[in-house]
Structures are given as structure tokens and as C-alpha cells.
Protein chains: 2
Amino acid sequence: MGRAGLTTERVVRAGAELADEVGFEQVTVSEVARRFDVKVASLYSHVRNSQDLKTRIALFALEELADRAADAVAGRAGKDALVAFANAYRDYGREHPGRATAARFPLDSETAAASAGVRHARMTRAILRGYDLAEPEQTHAVRLLGSVFHGYSSLETAGGFSHSAPGSEESWTRVLDALDVLLRNWPATPTP
Amino acid sequence: MGRAGLTTERVVRAGAELADEVGFEQVTVSEVARRFDVKVASLYSHVRNSQDLKTRIALFALEELADRAADAVAGRAGKDALVAFANAYRDYGREHPGRATAARFPLDSETAAASAGVRHARMTRAILRGYDLAEPEQTHAVRLLGSVFHGYSSLETAGGFSHSAPGSEESWTRVLDALDVLLRNWPATPTP
DNA sequence: TAATTTGCCTAAAGGTTTTAGGCAAACGCA
DNA sequence: TGCGTTTGCCTAAAACCTTTAGGCAAATTA
């Protein structure tokens, strides 16, 4: 029997595809092995354990999503950039629900600090340059935007918006309009 | 050997506590059985399977959260109600991270329709009565609020805001200020 | 070509899930 | 109080996933 040509890279990529097909939670070392037509134990040379596999898929998804987001915002500013960036998130979630779920996988702080998550934060700040927000308000806004993108995508994937009118598409557009207005009229900290 | 006095109710409640201790994903029929000092098979009279257990924990958490939210908004209106409602969500996530994660567990649409999720939606709409939003804008706003609460709580639980200044507490307050401003100045649909 | 490294395999132990069938405690009723 | 029925937890067992240890052969290097 020849070799299957496994590498950590290929294993992780296969895991990401599997996540899109069956859901991130259902990703299993055994199933990935099956896809390569290889015995389970063979994967343990390329991945430490099941948790490690999931973490790597999460990191992979974060990178992929950051790449897309970077492409989307390139050459844009203001609301244009905001909308392009936000759409990169939503589209990723719709095209790759499993990977998008993976991108929300909780990482320990060390891993998170070395992940593409920091690129995401930097890009979000870059977009806020189009609005007039000084620190610490900028950080609050970054967290709000992260919450909205994260939350909307996850509710949409869970089917939360799919069984009532108006359509999710329309809500998304209006939510982005609203966020743009909000960022242009960010309230001053009330004097206590 | 006497009987353990298992009921679906008690099993689900124990599962919810377990979720808070070890994380919702780690909730397992076996571990719940261990807690009751009972053989695993015994639980299968009270719960159909592992998926069913998780679904029931999710429904339980949704009810509990809806009760808290209802208490919080009672007798309040406007920004007062918005803040109380939002805090009910965040506090629940901080006190019961496992249950809060359970409350985000994807339910099939039939189950979701019979869940306390509809109470959540109704309460959100009630809060929006304090603002001047006609349909379909009200629905868009409901979805935005759901995304923010859901997203913020989940990022906070994942530790997303815990390793940088300013503190999450402050961001949360400012996010709510911002949402209040936004709801009072919700943009009109641009004429195409 | 010989030596070494690398890659996948077999074997095996331990844990979770789920079903089937059994026995005894609790309950309902005469 | 005693009898029959129901209910609740148990044993047994099969299927699957995880993970480690050790082996052999293919690929790489010298």
C-alpha cells in the first residue's frame, strides 16, 4: 500500500471541509481518517488530539476569513469599507457555516494572541478610521461590531431568521445602515 | 438498593449545572449518570438520547433566561427597560456560562417555535415600543438587538474582552448607550 | 547501495452512546 | 393487608471514538 500523503495542513483542510458538511461539532478524528482512507492512529502523527484538530481548524478559518476581509476592504473607506467588511463575514458564514462556527471556537488566550484574530481587530480599527472615534470609544465600537457580526452570523446559521418576514437579506442591509449612522453619531460619554 | 428518584426534570437540571461547571459541550449522559450515582442506561428512560438531553437543557435555559428578563423589564420603559433587559442577558451569561451557551444551541424550527425563544422575541418587541419604530424596521431592530446580546455574551464568555483595556464592564455600558441612541435615531429606509 | 528517517499500520485499552431484556420496589385497588 | 401492575434502575452487550505503543516498509540521505 502506498502512502496517503498526509500532512497537518491537508488534515486540517479536510477537517474544515468536513465541518462545512456535517457541522463543526461533528468533526471527528475518525471521520477525517476515513476520508483519507487511512487508519485513525495515522492521524495522530499530524495532530496531537481531537482538541488540537479543532483548534487548528479554527485557526485556519480565522486566517481564511481575515484574508477575505482584507480583500474586501482594500481600496475602500467609510461606509463602503464597513459594508464590504461586514459582508465578508456574513458571506463566509453562509458559504462555509462549519468553518465560520470554527472561527468562533474559544481559544485559550495564548493561542488567540497568535491567531489571525489580531488581524481582524486591526482591520476593524482601520475601518473605524473612517469615522471619528477616539479611544476608548474606538475599542467599545470594535467590540460592538464584533458582537454584531459574530452574533448575526451565528443566529442566521442557526436558522433564527429564516422562518419569518422580512428576509434576512433585508435585515442585514438595514442593520448595516443603522451601524453606519450609529458610528457617525456615537454618543459622547455622559458626564457622571 | 433504593431508587435514585430520577425524573426528566431533575436530569435536565443536573445537566444544566454540569454545563456551568465543565462547559455545555462537555455535558455527557455518562457524567450526569455519575452525578446521580446511577448506571448510564437508567437515564435513557428519562431522556431519549444525548441530543435530546442537550436540547432539553437549551429549552430549560431559554425559559430561565426569559423569566429573568421578564422580571427585569417589569415596570420599566424606554432606555431603562432596554438596559435592564440587556443586563439580564449579560448577567445570565456571567453567572451561568454553560446554560447561556445552551441557550444558543441551534434548535430545529419546530422546537424553536415551541420554546421560550418566542417570549424573548415578544419582550424585545415590547421594549421597542419605547422607541418609535414601525414595521418592518422593528423586526430589523429586534434582530440587531438579538445579535448584539447573543454576540457580546458569547465573545465575553470566550474571554474575548478580558485581556485588554478598557474593561468589558465599561464597553457594555457604552454599547448600551450607543444602542439607545441608535434606536432613537433609526435611519429611514433610503429611497432607492 | 546502506543507513536513517518518516509514514502508515496493527494492537489494545478506555470511554461514551444506545438498545434489549430482567428483577424488584412502588403503587393502585380490592 | 395482600395482589397485580407499573415503573425504575440494573446487567449485558454492541458500536463507535480517542489515544498510546510499537513495528515494518517506503522514502530520503549519504
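In the text below, chain A, chain B and the rest are named by the order of the sequence lines, each starting its count at 1. In what follows, every heavy atom counts, from backbone to side chain, and hydrogens, waters and symmetry copies are set aside.
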How about B/V175 and A/S147: do any of their side-chain heavy atoms sit closer than 4.5 Å? no

If you link I, L, V, M, F, W and Y whenever their side-chain heavy atoms are under 4.5 Å apart, who else ends up in the same group as A/V118? none

Provide the full list of side chain to side chain donor-acceptor pair (under 3.5 Å) pairs with a residue in residues 41-55 of chain A, sequence neighbours left out, each pair given once. A/D52-A/R56

Contacts to DNA chain D from residues 37-59 of chain B, heavy-atom cutoff under 4.0 Å, which residues? B/V38, B/K39, B/A41, B/S42, B/H46

Neighbours of DNA chain D within residues 7-28 of chain A, by heavy-atom distance under 4.0 Å: A/T28

Can you tell if the side chain of A/D177 reaches within under 4.5 Å of the side chain of A/K79, non-hydrogen atoms only? yes

Taking side chain to side chain contact (heavy atoms under 4.5 Å, CB included) as the definition, give me every residue that meets it alongside A/D37, ordered by chain and number, with sequence neighbours left out. none

Quick one: does A/Y152's side chain get under 4.5 Å of B/V148's, heavy atoms only? no

Under 4.0 angstrom between A/R34 side-chain N/O and D/dC17 OP1 or OP2: yes

Is the closest side-chain heavy-atom distance between A/F85 and A/F149 below 4.5 Å? yes

Pairs flagged by ring-ring contact (aromatic ring centres under 6.0 Å, His included) wherever residues 104-132 of chain B is involved - sequence neighbours left out: B/F24-B/F105, B/Y89-B/H120

